[in-house]
Amino acid sequence: MTQSSAPGEELAWLDATAQADLVRRGVLSPAELVEAAIERIERLNGKLNAVITPLYEKARAEAVAGTLPDGPFRGVPMLLKDILCDSAGDPAYGGMRALRDRDWRATEDSTLAARFRSAGFVFCGRTNLPELATSVTTEPLAHGATRNPWDLTRSPGGSSGGSAAAVASGMVPVAHGNDMAGSIRMPASACGLVGLKPTRARTTLGPRYGEYWGAVTHEHVLTRSVRDTAAVLDVTAGMAVGDPYTAPPPARPYREDVGAGPGALRIGFRWTPPGATDPAHQDCVAAVEHTARLLESLGHHVSPAPAAALDSPAMAEALPTLFAAILAWELDQWSRRLGERLEPADLEPMNGFLAETGRSVTAARWLTGIQAWQQWARGVAGLWEDGLDVLLTPTLPSPPLPLGELAPDAKDPVELVAGVVQGTAFTLPFNVTGQPAVSLPLYHGSDGLPIGVQLVAAYGREDLLIRLASQLEQAAPWSDRRPPFSA
């Protein structure tokens, strides 16, 4: 397939950069791109359940309007995860039955959505997620399970599982996601995609939020190519008026880092989850070994990195207090916004349990937990001050889970919490530190399912990750790998 080929199903596998190029050259119109995406969503979604809110008529109208912005992605169809990235007038349920039943709608675009629009993207729908984005699988009671296009009996991960399944299956080339504990990187791993969590505050949470869930929330996209990941970050990065803080500005556009040599890097690896004694699943260990050999062949200095600071128990000890308080806050904020009192029973069992527990967390305990996280983060970030350029780990501790294993009603809430925490073992640490981290689809396990590896750089160094990811993409391309259930 060439960059210029467009007819038939090959269009589904062009990345967003290539689709935008077709529009610029007059090969296809925005309306044709959008109509083709709608057809693919309609054809695939009955099995995958990735898109919960179609926005077809609005998308069609925007694609033919003379006011469609002439940005770098003019006419390219995309999907928005159904939390945080509000689009004016559209349903915004956050995976909650209470919001679905009341048909809650956003009153304005989030700043991020407005930046997507200014870049020329056309929103074709909103995607499925676990209730309030709190799980490592996407099986909300409100909308049902999303299925992994690599194996319909498996989870696409969470919480950006709907977005990941949509991109992996070829519905759209790019979809929004957010990452509070790994929610971009984990579904990228499970679905064979590129998933970058940018540096904290690289993208804004405005206008409603300065922080969300404390300082752990990061916004970006899931893609099939490194160049899309970089180019989308170029159009969304930067502070908005009133943001409490922002990331250090890049030296140059991120798209210019694609294909640029990273130099000979000092790369450490580990495959034992933080705080554990046993290594990750054998396929996840094999993925790290495979990537380490590939990195060595590219001239990097690769060696085991114990990274003992990751094993300090302080982060895990504060986690129950902080996440319980977060769920209590979620329940309270939605009660205020709806104008009626919601109770823990209005949430799924795990979230209701956390919300009830969180109501007893005092402000002093919250601040003590935040301080513990910040002190822990200083120790971990110090690894990059001691000679490390990049840390290599598995993204997930195991291959994609079977659907139902962590479904909202599958187990006692305490067991579900434990399963979710286990799933975030390699990813959550870098939400706490705020460092950029990317999952890349460099390996497939013994059962043929994607197994992502995570690369972590120092704070503010997305440029280094993009250079290294681009080098790996060139050395071991993945663009021809397509799941069995896809366009």
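This structure is a prediction, so every number in the text was calculated from the model and none was measured.
- Salt-bridge check for Arg461 with Asp463: passed, with a basic side-chain N closer than 4.0 Å to an acidic carboxylate O.
- There is no side-chain donor-acceptor pair under 3.5 Å between Tyr212 and Glu219.
- Scored by the salt bridge (Lys or Arg N to Asp or Glu O under 4.0 Å) test, Asp243 finds no partners at all (sequence neighbours excluded).
- Between Ser163 and Thr127, the side chains place a donor N or O and an acceptor N or O closer than 3.5 Å (distance only, hydrogens not considered).
- In this structure a side-chain-to-backbone donor-acceptor pair under 3.5 Å is missing from Thr137 to Leu406.
- Of the N and O atoms on the side chains of Thr204 and Thr111, not one donor lies less than 3.5 Å from an acceptor on the other residue.
- In terms of modelled atom types and a separation under 3.5 Å, the side chain of Arg117 and the main chain of Leu112 share no donor-acceptor contact.
- Between Arg270 and Asp311 there is a salt bridge, with a side-chain nitrogen of the basic residue lying less than 4.0 Å from a carboxylate oxygen of the acidic one.
- The line from OH of Tyr254 to CD1 of Ile466 is 6.5 Å long, rounded to the nearest 0.5 Å.
- With Trp334 as the aromatic partner, Arg337 meets the cation-pi criteria of under 6.0 angstrom to the ring centre and within 45 degrees of the ring axis.
- Under the 3.5 Å distance criterion, the side-chain polar atoms of Thr395 are left unmatched by any main-chain donor or acceptor of Met186.
- Side-chain atoms of Gln471 and His300 include a donor-acceptor pair closer than 3.5 Å.
- Side-chain contact of Lys81 with His176: a donor-acceptor pair under 3.5 Å is absent, judged by distance alone.
- For the 3.5 Å distance criterion, the side chains of Asp86 and Ser110 fail to qualify, holding no donor opposite an acceptor.
- Counting only distance, with no hydrogens or angles, the side chain of Asp283 and the backbone of Gly445 share no donor-acceptor pair below 3.5 Å.
- Put simply, the side chain of Thr199 gets close to the backbone of Gly460: a donor and an acceptor are under 3.5 Å apart.
- Distance alone, capped at 3.5 Å, is enough to place a donor-acceptor pair between the Arg115 side chain and the Thr236 backbone.
- A donor-acceptor contact closer than 3.5 angstrom links the side chains of Ser225 and Asp15.
- A salt bridge links Asp447 to Arg154: one of the charged nitrogens lies within less than 4.0 Å of a carboxylate oxygen.
- With hydrogens and angles ignored, the 3.5 Å screen pairs no side-chain donor or acceptor of Trp271 with any backbone N or O of Pro279.
- The structure places NE2 of His220 at 12.5 Å from CZ of Arg185, a figure rounded to the nearest 0.5 Å.
- The pair Arg126-Asp82 counts as a salt bridge, with a side-chain nitrogen and a carboxylate oxygen less than 4.0 angstrom apart.
- A side-chain donor-acceptor contact under 3.5 Å links Ser160 to the backbone of Asn178.
- How far CG of Leu295 is from NE2 of His290: 9.5 Å, rounded to the nearest 0.5 Å.
- In this structure a side-chain-to-backbone donor-acceptor pair under 3.5 Å is missing from Arg293 to Val288.
- In this structure the side chain of Val221 never reaches within 4.5 angstrom of the side chain of Leu196, judged on heavy atoms.
- Put simply, the side chain of Trp213 never gets that close to the backbone of Phe323: no donor and acceptor are under 3.5 Å apart.
- Counting only N and O atoms by type, the side chains of Thr146 and Asn128 include a donor and acceptor under 3.5 Å apart.
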